[in-house]
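This is a predicted model, so every value here is computed, not measured. In the text below, chain A, chain B and the rest are named by the order of the sequence lines, each starting its count at 1.
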2 protein chains.
Amino acid sequence: MPNDDPIARLLKAFNDIQNLSPEVEYKFAELCKSIEVKKHQNLQSIGQTCRTIYFVNEGAARIYYYKEDKDVTEYFAFENDLIIRAESLFTGKPSHKAIQTLKDTSFIAIPAPPLFELFDQYHDLERLFRKLLEKSYVETINRLESLQFQTAEERYQTLMTKSPVVVREIPLKHIASYLGITQVSLSRIRATIT
Amino acid sequence: MPNDDPIARLLKAFNDIQNLSPEVEYKFAELCKSIEVKKHQNLQSIGQTCRTIYFVNEGAARIYYYKEDKDVTEYFAFENDLIIRAESLFTGKPSHKAIQTLKDTSFIAIPAPPLFELFDQYHDLERLFRKLLEKSYVETINRLESLQFQTAEERYQTLMTKSPVVVREIPLKHIASYLGITQVSLSRIRATIT
DNA sequence: CAATTCCTTTTACAAATGTTAAATAATCAG
DNA sequence: CTGATTATTTAACATTTGTAAAAGGAATTG
């Protein structure tokens, strides 16, 4: 498989987490679909129940929602990152969140129901997704800790260290809401630390 | 098995999530150990790498850490709740968090390494833990959303609705840090809404 | 049950962040 | 390239939350 094949690339990234047999890789690849989305388009919109698991192949995307008409970014995803609206996918309830591209982006889309069926036969595939889930869970707990008792400035400093790509490539208004503050407030913080 | 046997009770709760064969139940039960801890004692202390998965059988506990000498509660656990320091258990790094009882509490302790080994043979057990993880992940995402853009008062209102048991039974200082505010601030909020 | 300790509230003031509006700066489309 | 749109910064003021200290309540222990 050529390495510029998005699915091959994803499988390669998976192998650092969990070894998959060629057979599973084949069955998994059968489910995958490549999707190209232009900048600032919604991949999934608010109100749908999420039944698809996405990985970013190239580009960047975010999960966002509206809190009293204000656009709030919950999550940023870059190359090889998993992007799911977990609170809908794992509960079957409609999501009040949407997925939007931040630039021209190609995704790999995996319909969840057939993937979950594959788990019955392919233990290692279920394990892979368990481990991906562990990783996302740990990341979320770390963000929770940061939101719970760090000041806005500390959170911004942490973000600059941990995800310089976000600070470099994402509009400030999205970063601000991601950090739980207003754009004006973030602007002020940047003025003091520079 | 009598229903006041903690392990039997836990297995019963598991069955609402994922059916387990009698064989797995037996193997799982072999790993479980009951632990009784008096009120305000640490079950696990700061600095250890976490290799144990706990469930609360009876009583209540919290995960907490120190942010610049201030005690911050990250999580509350009650009957049948899973209580793990995921950021350590899933990464192998030492935890800067501790687990402490809020009253006399009995836990079921499961050493993680042999549990994870059981996953190789017992697919349904791994699936159960995957689903428990999904549940915890969704809860954490919901808390993240609440911390990200709700006011302190909204977060308190949400907590009163979603977890009245917390508001009823837990000292306010712990609730305050759980909500990401000071005790004084929470006291003020309570004064305005009552 | 008295004393001690811990928990919660209140007060006064300080600091951080939000709100609104306007001014720049940067980007995009024709 | 130019006007229009979008993004970012700045300013002034309002509100929320934090800090420190004190006082009142509740719970625990000897």
Within the sub-3.5 Å range, which N or O atoms of nucleotides 22-30 of chain C have a protein N or O partner, and how far apart are they?
none

To the nearest 10°, let me know how far the axis at one end of the helix from C/dC1-D/dG30 to C/dG30-D/dC1 is tilted from the axis at the other, five pairs an end. 50°
Numerically ordered, the residues 161-174 of chain A set in heavy-atom contact under 4.0 Å with DNA chain D is A/P171, A/L172, A/K173
For the pair made of CD1 in B/I181 and P in C/dT8, what is the distance, rounded to whole Å? 13 Å
Side chain to side chain contact (heavy atoms under 4.5 Å, CB included) with A/A112: which residues, sequence neighbours excluded? A/I53, A/L89, A/F116
Qualifying ring pair (Phe, Tyr, Trp, His ring centres under 6.0 Å) pairs with a residue from residues 80-111 of chain B, counting only residues at least two apart or across chains: B/Y54-B/F107, B/Y65-B/H96
Any donor and acceptor pair, going by atom type alone, linking the side chain of B/R85 with main-chain N or O of B/S95 inside 3.5 Å? no
Short of 4.0 Å, heavy atom to strand atom, which residues of residues 65-78 of chain B count as contacting DNA chain C? none
Kindly indicate whether the side chain of A/H174, heavy atoms from C-beta on, has any atom under 4.5 Å from the side chain of A/F76. yes
Using a 4.0 Å heavy-atom cut-off across all strands, classify A/S185 as base, sugar-phosphate, or nothing. sugar-phosphate
Contact span of DNA chain D against chain B, any nucleotide atom under 4.0 Å from a heavy atom, 5' to 3', runs D/dT17 to D/dT28
For B/V138 versus A/A86, what's the shortest heavy-atom pair and its separation? CG2-O, 3.7 Å
Show the atom names and distances, to 0.1 Å, of all donor-acceptor pairs under 3.5 Å that link a side chain in residues 178-187 of chain A to residues at least two apart or in another chain.
from, atom 1, to, atom 2, distance (Å)
A/Y178, OH, A/R143, NE, 3.4
A/T182, OG1, A/S185, N, 3.2

Is the gap between the ring centers of B/F28 and B/F14 under 6.0 Å? yes
B/R62 and B/D71, any side-chain heavy atoms less than 4.5 Å apart: yes
Suppose we screen for side chain to side chain contact (heavy atoms under 4.5 Å, CB included). Which residues come up paired with B/E36, at least two apart in sequence or across chains? B/S106
Report the distance from atom CG of B/L102 to atom P of C/dC7, rounded to the nearest whole Å. 11 Å
Testing the basics here: between B/V24 and B/L125, what is the closest heavy-atom pair and its distance to 0.1 Å? CG1-CB, 3.7 Å
Would you jot down, in residue-number order, the residues of residues 144-158 of chain B having a non-hydrogen atom under 4.0 Å from DNA chain C? none
Main chain of A/K38, side chain of A/T101: is a donor-acceptor contact present, judged purely on distance under 3.5 Å? yes
Just so I know, are the side chains of A/F129 and A/L118 near enough to count as touching, which here means a heavy-atom distance under 4.5 Å? no
Identify, with sequence neighbours excluded, every residue that meets side-chain hydrogen bond (donor to acceptor under 3.5 Å, both in side chains) alongside B/T52. none
Separation of C/dG18 C1' from A/I189 CD1 (nearest whole Å): 12 Å
Please confirm whether the backbone N or O of B/Q121 pairs with a side-chain atom of A/H123, one donor and one acceptor, at under 3.5 Å? no
Linking I/L/V/M/F/W/Y whenever their side-chain heavy atoms sit closer than 4.5 Å, directly or via other members, would B/I99 and B/L115 fall into one cluster? no
Can you find a heavy atom in the side chain of B/I17 that is under 4.5 Å from one in the side chain of B/L128? yes
Do B/S88 side-chain atoms and B/C50 backbone N/O form a donor-acceptor pair below 3.5 Å? yes
Should B/S187 be listed as having a side-chain N or O under 4.0 Å from OP1 or OP2 of C/dT8? no
Taking only residues two or more places apart in sequence or in another chain, which ones pass side chain to side chain contact (heavy atoms under 4.5 Å, CB included) with A/K93? A/T91
Which residue lies toward the 5' end of DNA chain C, B/R188 or B/Q183, if each is placed at its nearest nucleotide? B/Q183
